[in-house]
Amino acid sequence: MAGLPLYAQLINLLAAILLLLAFAMLAQRRVLSLIDLFAAQGVALTASTAIVAWGTGQTHLWFSAALTLVLKVFVLPWILYRLIRRLDVRWDVEGMVNIPTTMLIGIVLVVFSFNLAYPISQLASTVTRSTLGIAIACVMLSFLMMITRRKAIPQVIGFLSMENGLFFAATSATYGMPMVVELGIALDVLVGMVILGVFFFQIREQFDSLDLKHLEKLKEPE
Amino acid sequence: MIELGAVLAFPLAGGLVLALVGERRYAPAINVAASLLTFVAAAVLALRVFEHGPLLAVERQFFVDSFNVFLVALTAFVGFTTAVFSRPYMRIEQEHGRLSPARLRLYHAMYQLFNFTMLLALLTNNVGILWVALEGATLTTVLLVSLYRTPASLEAAWKYFILCGVGIAQALFGTILLFFAAEKLLGAEGGALLWTELDRVKAQLEPTVLSIAFVFLLVGYGTKVGLVPLHNWLPDAHAEGPTPVSAVLSGLLLNVALYAVVRCKVLVEGAVPTMFAKSLLMGFGLASVVVAAFLLSRQKDVKRLFAYSSIEHMGIITFAFGMGGAIANFAGLLHMTVHSLTKSAIFFAVGHAAQKAGTQSIDQIRGLVTQSPMIGWGLALGTLAILGMPPFGVFASEFLILTTAMREQPWATPFLLAALGIAFAAVFSRVQPMVFGETTVRRLPHRPAMMPVFVHLALVLVLGLWIPPALAAWYREAARLIG
Amino acid sequence: MTASGFLSQLLQLAVALALAPLLVGWVNQCRAWLQNRGAPPLLLPYRTIHKLFSKDAVVAHGASPLFRLTPYVVFGAMCCAAAIVPSLATDLPFARAADAIALVGLFALARMFIALAAMDVGTAFGSLGARREMFVGFLAEPALLMVLFTASLISGSTSLPTIVETLAHRELGIYPSLAFAGVAFTMVSLAENARIPVDNPATHLELTMIHEAMVLEYSARHLALLEWAAALKLFNYSCIGLALFLPAGIAEGSDWLGMAAAAPLLVAKLAAGGFALALIETLSAKLRIFRAPEFLGTAFMLAVLAMLVHLLLES
Amino acid sequence: MSADPAPTFALWATLAAIGAWLVLGAIGLAAPRRLRFVSRVLFPLGCAVGAALAAVALAALDDAPATLVLPLGLPDLPFHVRLDALSAFFLVILGAAGCAISLFSVGYFRSSDGTAPGLVCFLYHAFLASMAAVLVADDAYLFMVAWESMALSSYFLVTTEHRIPEIRRAGFLYLLIAHLGAIAILLCFGVLQGGSGDYAFDAMRSATLAGAWPSVAFFLALFGFGAKAGLLPLHVWLPEAHPAAPSPVSALMSGVMLKTAIYGLLRVGFDLLPFHAWWWGVVALALGLLTALYGVVFAAAQTDMKRLLAYSSIENIGILVAGIGLAILFSAYGMAPLAAIAATAVCYHALNHALFKSLLFLATGSVLHATRERSLGRLGGLIHRMPWVAGCALVGTLAIAGLPPLNGFVSEWMLLQAFLFTPRLPQSFVNMLVPVLAAALVLAAALAAYVMVKFYGVVFLGQPREPGLANAHDAGRPERVALVALAAGCVALGVFPGPVIGLLEPLTVMLAGVPALAPGQGSWLLLAPISEQRASYAPLVVLVVIAAVVLLAIAAVRRLWHGRVRRAPPWDCGFPLLTPRMQDTAEGFGQPIRQVFEPFFRMERELPTPFDAAPRYSVTIGDRLWHALYLPVARAAEAAARVVGRLQQGRISVYLVYSFLTLLALLFFVR
């Protein structure tokens, strides 16, 4: 670590935090806490983007940081909170089985991701290249989280946190994508969240619950 | 330039107008008109590209070459005929009490926006925008799939959203990796996401990164193509959405997603000299063909049936692009065209048939030719066409693909033979009693729109017997681009 | 075609027509002797045929023209066959028109017509007979053809005169294939000529008859022709057997002297053959109809075996 | 690549005939409900086109090959057409049989609640046109398009009476197997093009195939064309589909369409493939004879007259394929003259079968129209009511049974001659095998006689088994003309084999390299393939002699004795209470064969008990292959589908696991 500029060290730190948060989300049963963790991820992401912007002088990353802050720290958690209140699922607890196994699989995934990212990061010109492995790990962990969830909202949070991982990869490994792309992505995420919100209500209306076990009717007959 | 703008502007404007005016008597007419204008603009654009060659516009952000312009024309055309079809179809749905005016408003607006996103995906030169547009297409179609708000349609839409959302997130990661690899050569601002630029420097891109990127891209866009084992959303979404949506999903969206895959494949092929990308495509293609064939034989819902058939055909096309080479690529492009025309025609016929029977259950749709020969024959001929019966065009492409496979990938032919046989048995044994025999169906309150069905089938028939030289030159050029 | 050839042809046909009923009478006589019965006169078949020709024909109400035509066609086919098989000499111009395969075809033609005619009136026995006849025929016919093929393979020709010429002038040697073929041929002949153990020409017991069941509805001249045709068939088979397995003495070409010598030899050979036939009939018991396939199947197998033996040992 | 021969008049005329048929069909399509117009105008015109096509093709048999490229088709693969001896010969079959069948159809099609007459007219003529297109196609694509169009149009014709579930089932089975076969043929062309990407037959002729490729191509062709021809074990569709179709269509399918499969096999086997391996011949031979025996044994057990004829078609196809196998065997050993004999026998038999099978199917059509009965158990005695049909059918029956002096015998004779020549083969194993196979051929031929006696006897002879048959009427005039023409063709082909084989000479030369008849041997009267010493056959003489004997006998009997006839009730061993029900039924007639060949069948008997008030005996004959091969395959596919169906089991997290695992697996694989 020594020898790296300070901002790079800070980014590595934030990357580690992101990974930790991803693990925390994997193990978290309660919806409200999940949203908090998601918002925390947003904060970490904003911070890391801002630090990259500061460290490398890429001005458009400041916009990215602002966008992240607004979208992922304020708007999306706010929407989620509102939804939870309106849907009255505040105290929903996920009946997950076997968190230790999930964590174990998560660790294997992290190892795999680091392994996968290693040859790529060797090629990178950026100082923060080693964070790519963490980004992949975050994506994988979110994927795992989506698989293990049986309720609609946690699954969506998993989906959003996957987006976070991707965003982290974009900023830290490549110093950000072109602005127009980032705006487009942000728009898609926002619209998607809105649509999902509408969906939650409709699902609740139809099934009286947001449990995904009701959504298993369409299948091939045995 | 102007044509390009028009191709994108008409559907966008149409969508906004339709969202604003709400459900009026003339809303379907606006929908048709916007689609028609889009189609005309696309045709003009196509002619232009055909005459003057590839076109780069708006600071290289838009790029039109032979490959995508033919898909643009096809998309606009099928979008137009589907709009024509949806006019009486949706009216009958409304009278059957399945839709409220507000939903129709949503339908029309989203239909146009969906067309917009697809055209944007095709026209853009920016791999990132391509991603954004495809995600946009997912969002609009999610709303369309859930239009009926029945439990089944909600479930289908949810699965569609989550699976495609997750899938396409992988594609975003792939795009990031692509950017990561290209940035060193092109600079962060130097258009590292522009396909034309990437294509220029593809030989120097880092193979390791590109391989991994391609895996992510393939899994991502492949989910939208419906490649096995990423296909699970597809039958649900096709079966539960309104029929015009099934038609455009099968006829257009899958094509566009496959277009994205092929664009990426071109880059990877340039960077990784091994058979890597080809083998992946062939493997996914073959798996899709075989698995879809087996799944076809267990269907009870007619729209699900043809949804699986779409998976099968996407598999065939993917396999063809995987084989590569002038003939196979040509065949793949031809197959994209004819599959999209035929499958949408089938969905049109199926839609009316289901309305007539009041159900999508195959067992309860019987004897269509007796009660309404047009729908019956349309369905019968469309089914035979999609099963690869000459003289329809699907056969032409399958002919080229199979004969090429026999020489170049003989190991695959037993699988293809078995799968095509099973698929034929499965589909035809289900459609035959729907078409023939004693009838169970009733009359419809409005005249069904059979024109689009027969126009599509006529085009497919013509393509089976005679491919206009201009079109052939076009395909050949596109096939060359794909490599 | 030379005049002498034509004469030889006509002579042999005339001999066949004339001698055929005699052969039947002879076999019946032998059989009666062997069975310790009083023998019918040797010339009885001639008298029967003449008597039948004189009678009024009685035709069943439901009979079609096919019914009345059949006796003539059967008779014609048998005459044709008689014109192919060398009995006295090998100079048979007509044999160029029809070889051994065509000979079998002619027999089949006769069989088919007679079976159809049997079904024509629509009686229970008629169709029973037709069915059984075709049943016997479908195994006997290939067996006969296989026997002829064995001979053809030995002589390199399917033309009967050529076969006879080759066989008559071959070096003396043991041909195991011909032994097999001979046994097969004997079995086929028994079946084809409605003899015990497959059929019984003397019976009118409904459940056992084959040939007689088919001609039940016939009377008078039609029956006369059929009887004559049956006699010709027996004669033809005998001559085929003699030509294949005892060809010595048959004159080559239209050698009139040779033919003059061949005539008494033929009569002698036929007499011996007829006696053998009577002996076989006396010594064996009638088979159940469903034993017939085993019997004929054996014949067929033997004939095929004969061909294989020829290919394996003699070529 | 040979120099491009210019298109000739004959080629243009052939294309014009195809076009004319399509136009006639289109006119019919435009007037779907006008039965009189369709049957009085369009079908006779189609008949005229057929006659013209037959005449043109006959004249073109001798011409040099003519080719033409049409401005249709795939961009790099325009439609190539070519008229050579092989095409011309099969066009003669198509034209002649098509002409007679069209004429018959004039009076056949009625308006029913099935497919509209105009549509039938369209499908019928499209069927004819696509068959003609198959025969002139000179590239793989046109061939396949025409081939599948043929299957498709005939499928729709088979399902004309689509309200009957069995007919739908038959149509489905037919199209399925046809499609599988077509894919195999397609793959065969894929092999033949040799990686050149050029699908014109001309390129395939000059392509060099290495290693196992020629064998792969041959067996794919055997599979594909065998599926169309009804070769074992792909025959199951045939006895279902042929009876289901209207009789003229059955006649076209059996008489002509099956021949296109033979054409295809000859085209691929003798024209496109560079050489022959002896074991191809053995396989084809064995398979053909097996098919022949199988077909004929099953024909004997049938109780439906059209099914019986359909099984008999399987038998004949078996004989044809066996002949092709023999020709391949000879040509593999370089014995061109013998190959020529076998090839001629095949072509001759194809022609014969086209005539007599069309004749018989049309005759069943007339019977069906007159009586509305297909079941053999309810027919009988029709010779009195329908003398024309019965007379023509008798000719067909004798011909198909292979009796001299009719045409069936000629081809079987030639084929047997070819079999007898095999002992000169260098391979001793084959030498042994072939005579045994000859025995099988003879057995099949003899059984065919059994079958045909059953067919003719039960339908036309005896007493009517149902009272309703008394109202049966003979066929109308056009039908009669068609039947008589076909019967006359059978006789002519039977009596004049020499000139016919002389006409076939260009074809034989094309297939085997040399003519079948050695020069200087035989004459127009006398057929002598190698030498007169070897074997000769003069059916005209046989016919004249038989006729002379018959006439002489009649004259002599009348002159020497008298010609008086008295009518009386049947004698029947003195049994007075004879009823039509005491005749042999079709089941009864087939019973011996069922008993002898019991292992072949899968029989389900329903036996009456002593206590039954209305005792019933019934036996249903099943195809063992269906149960031993098709059902297991179907069950296996179903089981596999059930397993694969579990992929789609509804739970979204499982679906996510699929994508996740796919991603991980691919990443692992890449890394």
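Heavy atoms only: backbone and side chains are in, while hydrogens, waters and symmetry mates are out. Lettering follows sequence order; numbering is per chain, from 1.
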Here the pair of heavy atoms bringing D:Val145 nearest to B:Pro390 is CA-CB, 3.6 Å

> Can you find a pair of side-chain heavy atoms, one from D:Leu175 and one from B:Gln432, that are under 4.5 Å apart?
Replying inline: no

If one checks every heavy atom of D:Val654 against chain B at 4.5 Å, the contacting part turns out to be neither

Whatever's closer than 4.5 Å to a heavy atom in chain B on D:Leu119 counts as side chain

If one checks every heavy atom of D:Leu664 against chain B at 4.5 Å, the contacting part turns out to be neither

Checklist entry - Is the side chain of B:Lys159 donor-acceptor paired with the backbone N or O of D:Tyr655 at a distance under 3.5 Å, no angle test? => result no

Of all heavy-atom pairs linking D:Phe189 and B:Thr403, the shortest is C-CG2, 4.4 Å

Between D:Trp213 and B:Pro410, is any pair of side-chain heavy atoms under 4.5 Å apart? yes

Of the listed D:Ala184, D:Ser130, D:Ala140, D:Ala151, the one with the largest count of heavy-atom pairs under 4.5 Å with chain B is D:Ala140

Heaviest contributor of heavy-atom pairs below 4.5 Å to chain D, chosen from B:Leu295, B:Val219, B:Leu465, B:Leu230, is B:Leu465

Item to complete: On the 0 to 90° scale, with breaks at 30° and 60°, tag the D:His162-B:Phe436 ring pair as parallel, tilted or perpendicular.
Response: parallel

Okay, D:Phe660 and chain B: the region with an atom under 4.5 Å from a heavy atom over there is neither

**Asked** Does the ring center of B:Trp377 lie less than 6.0 Å from the ring center of D:Phe156?
**Response** yes

So, the part of D:Leu647 with a heavy atom under 4.5 Å from chain B: the answer is both

Applying a strict 4.5 Å limit to non-hydrogen atoms, the region of B:Pro391 in contact with chain D is both

For D:Val191 and B:Met406, the nearest pair of non-hydrogen atoms, with its separation, is CG2-CG, 3.4 Å

Next item on the list: Apply the test side-chain contact (heavy atoms from CB on, under 4.5 Å) to residues D:Leu180 and B:Phe424: give CA-CA distance (whole Å), side-chain angles for both, the deciding distance (0.1 Å), then the verdict.
Entry: CA-CA 9 Å; D:Leu180 275 180; B:Phe424 187 92; over 6 Å; no

Ranking D:Gly73, D:Ser659, D:Ser149 by heavy-atom pairs under 4.5 Å to chain B gives rank one to D:Gly73

Honestly, the part of D:Leu220 sitting under 4.5 Å from a heavy atom of chain B is side chain

Cut-off 4.5 Å, heavy atoms of chain D, and the answer for B:Leu384 is side chain

Counting heavy-atom pairs under 4.5 Å with chain D, the top scorer among B:Ala396, B:Gly421, B:Pro433, B:Pro469 is B:Ala396

Whatever's closer than 4.5 Å to a heavy atom in chain B on D:Pro71 counts as backbone

Of all heavy-atom pairs linking B:Phe294 and D:Ala640, the shortest is CE2-CB, 3.5 Å

Would you tell me whether D:Gln648 and B:His231 have side-chain atoms, one donor and one acceptor, within less than 3.5 Å of each other? yes

*asked:* Taking B:Glu438's backbone N and O only, do any of them form a donor-acceptor pair with D:Arg163's side chain (distance below 3.5 Å, no angle check)?
replied: no

If you tally heavy-atom pairs under 4.5 Å between each of B:Ile162, B:Ile422, B:Leu471 and chain D, the highest tally belongs to B:Ile162

Most heavy-atom pairs under 4.5 Å with chain D, out of B:Trp158, B:Phe428, B:Trp466, B:Phe399, belong to B:Phe399

**OP:** Would you mind reporting whether D:Val670 and B:Phe276 have side-chain heavy atoms less than 4.5 Å apart?
**Re:** yes

Exercise for review: Say whether, by atom type as modelled, one donor and one acceptor occur between the side chain of B:Asn232 and the main chain of D:Ile652 under 3.5 angstrom.
Suggested key: no

In short, B:Pro229 meets D:Tyr658 closest at the heavy-atom pair O-CB, 3.5 Å

Cut-off 4.5 Å, heavy atoms of chain D, and the answer for B:Tyr475 is neither

Can you tell if the side chain of B:Phe395 reaches within under 4.5 Å of the side chain of D:Leu186, non-hydrogen atoms only?
yes

